[in-house]
Amino acid sequence: MKRPVACIAGTGRGIPAHVMTNYDFAAIGIETSHEWIVERSGIHERHIAKSETACSLGSEAARQAMQRAGVDAGQIDVIVVSTATPDRLLPATAVDIQAELGASRAAAFDISAACSGWLYALTVAEGMMASGVGETFLVIAAEKMSAITDWTDRSTCVLFGDGAGAVVLKRSQGKHASQGILSAYMRSDGTLADLLYRPNGGATTPFSAEVLADRSHYVKMSGREVFKHAVRSMADACDRALDGAKMTGADIDLLIPHQANIRIIEATAKHASIPMDKVYVNVDRYGNTSSASIPIALDEVIESGRVHEGSRILMVAFGAGFTWASMVVRL
């Protein structure tokens with residue numbers, strides 16, 4: 001097991017005020033039911049941004065994390081933002097958040113790895129810290145999935161929600177030398193990209209009247225295939241992260257999986273030999289918030305006191321790309 005480089009010094013989340021329940025879909029003409037959605041996904045409700053943006057949600061999460069870490073904007077060296085739903089295509093959402101926070105001396109950039117993006121971002125930030133780029137990092141996931149969801153497509157629109165989560169990373173040293181990222185693992189398979197993607201609206205096929213009319217700029221998903229690959233890949237990722245940390249599932253105090261589907265969560269926990277009472281689930285309240293799901297959950301478990309200093313947490317995610325990733329941290 002490697003010596004930790006970066007530890008989590010503070011967490012935060014930004015959640016839209018508006019709550020959309022499963023019963024609200026009837027009002028927009030979607031033929032579904034609360035029972036059908038819960039049976040297939042475990043979702044009861046989700047938060048949907050109205051006036052909020054990826055920048056405002058990410059900034060709210062960042063401010064909370066900074067306050068809890070005891071750092072101010074002038075101390076931030078680097079801001080890394082994971083998002084599949086940037087407020088605009090140019091410039092990065094990270095620089096908008098930088099401006100909002102007043103973190104004028106920070107470098108800021110986005111990464112895109114879909115639902116795995118925040119774990120990718122943490123790994124990137126840790127590597128940058130190890131190379132001496134900075135001492136204090138903001139790692140944020142900010143997602144407004146409602147903006148890229150086809151609200152006429154029953155198979156996808158019931159799944160997604162909006163939100164943001166953030167952590168402040170600081171160097172593992174002094175009394176915190178044993179705390180931090182103990183192992184990390186990332187993988188991708190671009191040959192499967194068309195199973196979960198947005199067909200058009202990018203530089204290859206820019207927005208046009210035709211693209212808007214055929215709704216091909218929204219998320220399209222082959223649900224059965226995505227489910228199969230998600231279970232397999234998240235199981236593999238758990239094994240890799242545990243091996244890297246020289247641990248087994250019995251050593252883990254809490255599993256925080258990506259919150260996409262309760263059945264995927266249960267299958268992942270079973271593979272890792274982690275009982276469900278040691279698995280955090282909030283998909284019922286948030287739906288799939290893409291890369292924001294794990295940092296939102298992490299903030300909730302720390303705020304509630306479910307974990308504490310010294311707790312060992314396994315985090316694992318799977319998303320479009322396909323991408324998947326995992327990480328073991330000691331708080």
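Quick note: residue numbers are just sequence positions, from 1.
- Under the 4.5 Å side-chain criterion, counting only non-hydrogen atoms from C-beta, M315 is in contact with V329.
- Of all heavy-atom pairs spanning G117 and I111, the tightest one is O-CD1, 3.3 Å.
- Using a 4.5 Å cut-off on side-chain heavy atoms (C-beta onward), W151 and S146 make contact.
- Residues R68 and D299 are paired through a salt bridge, judged by an N-O separation under 4.0 Å between the basic side chain and the carboxylate.
- Counted within 6.0 Å of CD on E303, heavy atoms from surrounding residues, nucleotides or ligands total more than 12; the atom is thus considered enclosed.
- At distances below 3.5 Å, not a single donor-acceptor pair connects side-chain atoms of S293 with backbone N or O atoms of T289.
- Side-chain heavy atoms closer than 4.5 Å link hydrophobic residues (I, L, V, M, F, W, Y) into clusters, and following such links, even through other members, never connects Y197 to M221.
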Could you go through K228 and E225, starting from their C-alpha distance and side-chain angles, then the distance that decides it, and tell me whether this counts as salt bridge (Lys or Arg N to Asp or Glu O under 4.0 Å)? CA-CA 5 Å; K228 178 177 68 176; E225 288 298 306; 3.2 Å; yes
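- Using a 4.5 Å cut-off on side-chain heavy atoms (C-beta onward), E100 and C55 make contact.
- From I37, atom CD1 reaches atom NE2 of H44 across 10.0 Å, with rounding to the nearest 0.5 Å.
- Under the 4.5 Å side-chain heavy-atom criterion for Ile, Leu, Val, Met, Phe, Trp and Tyr, V279 and I296 are members of distinct hydrophobic clusters.
- The aromatic rings of Y23 and H34 sit parallel, their planes meeting at an angle under 30°, below the 60° perpendicular limit.
- Atoms OG1 and CG, on T248 and D239 in that order, are 11.0 Å from each other to the nearest 0.5 Å.
- Between T85 and E143, the side chains place a donor N or O and an acceptor N or O closer than 3.5 Å (distance only, hydrogens not considered).
- In this model, no donor atom of one side chain and acceptor atom of the other lie less than 3.5 Å apart for T83 and D110.
- For R240 and W324, the positive end is not near the middle of the six-membered ring at less than 6.0 Å and at most 45° from its axis.
- No side-chain donor from either of H271 and D236 sits under 3.5 Å from a side-chain acceptor of the other.
- Looking at F160 and I43, their side chains never come closer than 4.5 Å, going by heavy atoms from C-beta outward.
- Tracing side-chain contacts under 4.5 Å through hydrophobic residues (I, L, V, M, F, W, Y), one never reaches L57 starting from V167; they form parts of separate clusters.
- Contact detail for I79 and A103: the closest heavy-atom pair is CD1-CB, 4.1 Å.
- Cluster membership for Y286 and I265, using ILVMFWY side-chain heavy atoms within less than 4.5 angstrom, is not shared.
- Residue T152 forms a side-chain hydrogen bond (donor to acceptor under 3.5 Å, both in side chains) with just one option from D150, T156, T149, and that option is D150.
- Across every non-hydrogen atom of S172 and C7, the tightest pair is OG-N, 3.3 Å.
- The backbone N or O of V283 lies less than 3.5 Å from a partner atom in the side chain of Q259, making a donor-acceptor pair.
- To the nearest 0.5 Å, the span separating CD on E135 from CD1 on I76 amounts to 12.0 Å.
- For S304 (side chain) and V301 (main-chain N/O), a donor-acceptor pair under 3.5 Å exists by modelled atom type.
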Set out, in order, the CA-CA distance, both residues' side-chain angles and the distance that settles side chain to side chain contact (heavy atoms under 4.5 Å, CB included) for L196 and F322, then state yes or no. CA-CA 8 Å; L196 176 53; F322 285 146; 4.1 Å; yes
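- The closest side-chain heavy-atom distance from H47 to D162 is not below 4.5 Å.
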Stepwise side chain to side chain contact (heavy atoms under 4.5 Å, CB included) check, L159 with S41: CA-CA 8 Å; L159 302 177; S41 67; 4.1 Å; yes
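- Donor-acceptor pairing under 3.5 Å is lacking for the side chains of R40 and N261.
- By the 4.5 Å heavy-atom criterion applied to side chains, M327 and Y185 are not counted as neighbours.
- A 6.0 Å sphere centred on CD of E210 holds no more than 12 heavy atoms belonging to other residues, nucleotides or ligands.
- Salt-bridge annotation for R105 and D77: present, with a side-chain N of the basic residue lying under 4.0 Å from a carboxylate O of the acidic one.
- A142 approaches A164 most closely through the heavy-atom pair CA-CB, 3.9 Å.
- Without hydrogens or angle criteria, S326 side chain to A237 main chain gives a donor-acceptor distance under 3.5 Å.
- Other residues, nucleotides and ligands contribute over 12 non-hydrogen atoms within 6.0 Å of the NZ atom of K220.
- Between the side chains of N282 and E300, at least one donor-acceptor pair of N or O atoms lies under 3.5 Å.
- The one candidate from D194, D189, L195 that meets the side-chain contact (heavy atoms from CB on, under 4.5 Å) condition with T191 is D189.
- The side-chain contact (heavy atoms from CB on, under 4.5 Å) test with V328 is passed by exactly one of L182, V316, D243: L182.
- In this structure a side-chain-to-backbone donor-acceptor pair under 3.5 Å is present from T53 to S56.
- Note that R198 lies outside the cation-pi zone of Y218, set by a 6.0 Å cut-off to the ring centre and a 45° limit from the axis.
- To the nearest 0.5 Å, the span separating CG on L331 from CG on D253 amounts to 9.0 Å.
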Could you go through the side chain to side chain contact (heavy atoms under 4.5 Å, CB included) check for M276 and V281 one step at a time? CA-CA 9 Å; M276 285 302 295; V281 178; 4.1 Å; yes
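- Here the side chain of K144 pairs no donor or acceptor atom with the backbone of P86 at under 3.5 angstrom.
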With side chain to side chain contact (heavy atoms under 4.5 Å, CB included) as the test, would you mind laying out the steps for T323 and M186 before giving the verdict? CA-CA 8 Å; T323 64; M186 301 185 299; over 6 Å; no
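- Between E266 and R263 no salt bridge is recorded (no basic side-chain N to carboxylate O distance below 4.0 Å).
- Remark: the backbone N or O of A54 is paired with a side-chain donor or acceptor of D87 at under 3.5 angstrom.
- Taking OG from S131 and CE from M129, the interatomic distance works out to 10.0 Å, rounded to the nearest 0.5 Å.
- Crowding of L89 atom CG: a count of heavy atoms from other residues, nucleotides or ligands under 6.0 Å not exceeding 12.
- Contact check for V80 versus L138: no side-chain heavy atoms found under the 4.5 Å cut-off.
- When all heavy atoms of S216 and P199 are compared, the pair lying nearest together is O-CD, 3.1 Å.
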Stepwise, does the side chain to side chain donor-acceptor pair (under 3.5 Å) test hold for R46 with N288? CA-CA 8 Å; R46 71 286 295 145; N288 183 346; over 6 Å; no
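- Two different hydrophobic clusters hold V5 and V168 under the rule that ILVMFWY side chains link at heavy-atom gaps under 4.5 Å.
- Scanning all heavy atoms of the two residues, the minimum distance from G165 to W118 falls at O-NE1, 4.5 Å.
- Two rings, from H258 and F318, have their centers 6.0 Å or more apart.
- How far CD of Q179 is from CZ of R330: 8.5 Å, rounded to the nearest 0.5 Å.
- Defined by atom type and a distance below 3.5 Å, a donor-acceptor pair is missing between the side-chain atoms of D96 and T93.
- With a 4.5 Å cut-off on side-chain heavy atoms, S82 and I140 do not count as touching.
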